[in-house]
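Chain identifiers are assigned alphabetically (A, B, ...) following the order of the sequence lines, protein sequences preceding nucleic acid strands; residue numbering begins at 1 within each chain.
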2 protein chains.
Amino acid sequence: MSAPAPEGYDPHAYAPFAVTVDLAVFTVREARLHVLLVERGQEPHRGRWALPGGFLLPREAAEDAARRELAEETGLGPGAIGALHLEQLRTYTDPDRDPRMRVVSVAYAALLPDLPEPRGGGDAASARWWDAGSTGPLAFDHDTILADAHDRIGAKLEYSCLATAFCPAEFTLGELQQVYETVWGVELDRPNFRRKVLSAPGFVQPVDGPPRRTGGRGKPAALYRAGDATALHPPLLRPQRTDASPSGPEGRDR
Amino acid sequence: MSAPAPEGYDPHAYAPFAVTVDLAVFTVREARLHVLLVERGQEPHRGRWALPGGFLLPREAAEDAARRELAEETGLGPGAIGALHLEQLRTYTDPDRDPRMRVVSVAYAALLPDLPEPRGGGDAASARWWDAGSTGPLAFDHDTILADAHDRIGAKLEYSCLATAFCPAEFTLGELQQVYETVWGVELDRPNFRRKVLSAPGFVQPVDGPPRRTGGRGKPAALYRAGDATALHPPLLRPQRTDASPSGPEGRDR
DNA sequence: TAAATAGTGTCTTTAAGACATTATCGA
DNA sequence: TCGATAATGTCTTAAAGACACTATTTA
């Protein structure tokens, strides 16, 4: 809010806006980044897929609205909803982004470990996971929001310990590496990845007890859980694309 | 905006919100980070200092509103306003952040080279620069916004070429280093800073012609202008605080 | 046994940190 | 001359890249 508010103004003299949240909920399944989408049941964009989200209640903060909508769409329990990583992305304010009325939307990115299909009560009946790289054109400006969210998550993996948010409570270093490879779309050297993760204080901590096997074949891998740290110093930088064909957008957002 | 919109809804059935922009406008003056504040002329918080900002017009995007407000507050010409670095920070949605009504605010950070005092027409009559570290308690939640903005700018200096936005069109490496030192609150080694900046492709480019002097004393420094690059690879990381007394908040936002 | 995956060790290369040193100005 | 600031050079250290090699499982 803001300083030079007009003299003696009446709230209703100002253009009323609707405010919503939109959620880019990501998970890593079968070495692909997936995003949760819902099918729209009414106009506009009836039948198109869209990011889950909804209107803020009259006395609700945006993050609370995001968690509430997420619970409705995914059927996750309150414990999981309270614990998951939810991060405000940016706010979209194009006056024409919704043909019905003036709506500004606060977008969030959420990260989940791989879960069973969303069991939908209510609104979530039509929710399902999609490969994040193969979504058709989405409703509203959700293609833009989704792309921004993917960029942001990729950038944050470099200098934060966020990747563990994609993993179950106990995970192997191979699974953690798979998160990086999937989000970035590159392959990493396993010994070097291992050295980096284990030397970063507080990134992961070993779990006592017997190791578990991975896919049936190969040596069983040791288990770790997420450590205390949230930042990663020095960062784990993406391999530079040295070829002359830049594949992504230029400046990363963060 | 958002997917499961209720059936047959009426826009006015939804809680109307006011939407504003708030601006954290920074510059570096005399080796201190400064922020532009305005004194509030009416309740609430009459007489308190606040970030400049204001309401969105009915068909105006937030970034347009931010540039408009900035022009009103600073008296900058359209050219400067169009060129300056403006970056969406995050959106503040606490239901009680404004006692008058429900207001969500989209916050922006703006970076300017050192300029003469704001010449205020209209709202800007009471605008002035403050040392960003010595602002009293500000109106609304502007202390939080200001701190978030400072954190974000500091983080972005690491991996972007943003620092040049604080400099005039032509600047010396000493002035650029001063930006880093001021925003981060640390001292940097000059030879190493120079090596890093000059080896980063597209960060700065030399200006032909005679060098200019700095403060009267000492060898005149060569001039540079900002290059094409927006990202900095590898990043210019802040020196790690190795002492046991962490002085800043833990995880950086970005 | 072979295939598959986990984990270790080492050499090379890059980039940052920590300086010493030289250059060029004004007073 | 001296003090101040700019600019260059060099040695050391830290971290990343590349990759050979060993270990432990299932089929």
Report yes if a side-chain nitrogen or oxygen of A:K196 is closer than 4.0 Å to either non-bridging phosphate oxygen (OP1 or OP2) of D:dA15; otherwise report no. no
Interatomic distance where NZ belongs to B:K219 and C1' belongs to C:dC25 [whole Å]: 9 Å
Presence of A:R194 side-chain N/O under 4.0 Å of C:dG7 phosphate oxygens OP1/OP2: yes
Given atom CD of A:Q240 and atom P of D:dG17, what is their separation to the nearest angstrom? 10 Å
Has the side chain of A:R195 got a donor or acceptor that lies under 3.5 Å from a partner of the other kind on the base of C:dG9? no
Check whether any side-chain nitrogen or oxygen of B:R190 sits under 4.0 Å from OP1 or OP2 of D:dA6, and answer yes or no. yes
Atom CZ of B:R217 and atom C1' of D:dA4 are separated, to the nearest Å, by 7 Å
Go through D:dT25, C:dT24, C:dG7 for me and flag the one nearest to the A:P220 side chain. D:dT25
Going through the checks in order, is the side chain to side chain contact (heavy atoms under 4.5 Å, CB included) test met by A:L157 and A:W184? CA-CA 9 Å; A:L157 291 192; A:W184 287 349; 3.9 Å; yes
Evaluate the side-chain proximity of A:V186 to A:R238: yes if any heavy-atom separation is below 4.5 Å, no if none is. no
State, yes or no, whether a side-chain contact exists between A:L198 and A:Y224 at a heavy-atom distance under 4.5 Å. yes
Please confirm whether any donor atom in the side chain of A:N192 sits under 3.5 Å from an acceptor in the base of D:dA18, or the reverse. yes
Quick one, B:V25 and B:T27 - any side-chain contact, counting heavy atoms below 4.5 Å? no
What I want to check is whether the side chains of B:Y92 and B:D22 have a donor and an acceptor closer together than 3.5 Å. no
Using a strict heavy-atom distance below 4.0 Å, which residues from residues 180-188 of chain A are in contact with DNA chain D? none
Measure from CZ on A:R238 to C1' on D:dA15 and round the result to the nearest Å. 19 Å
Gap between atoms OH and C1', on A:Y159 and D:dA15 respectively (whole Å): 21 Å
Take atom CG of B:D189 and atom C1' of D:dC11, then tell me their distance rounded to the nearest Å. 14 Å
Hey, does B:P191 reach any base, or is it just sugar-phosphate, or nothing, if we go heavy atoms under 4.0 Å? base
Parallel, tilted or perpendicular: rings of A:F193 and A:Y180 (30°, 60°): perpendicular
When the distance from CD of A:E175 to P of C:dG7 is rounded to whole Å, what number comes out? 11 Å
Do you know which of B:L51, B:L86, B:L36 makes side-chain contact (heavy atoms from CB on, under 4.5 Å) with B:L23? B:L86
Residue whose closest nucleotide on DNA chain C lies nearer the 5' end, B:S199 versus A:A222: A:A222
Can you tell me how far P of C:dG17 sits from NE2 of A:H233, to the nearest Å? 12 Å
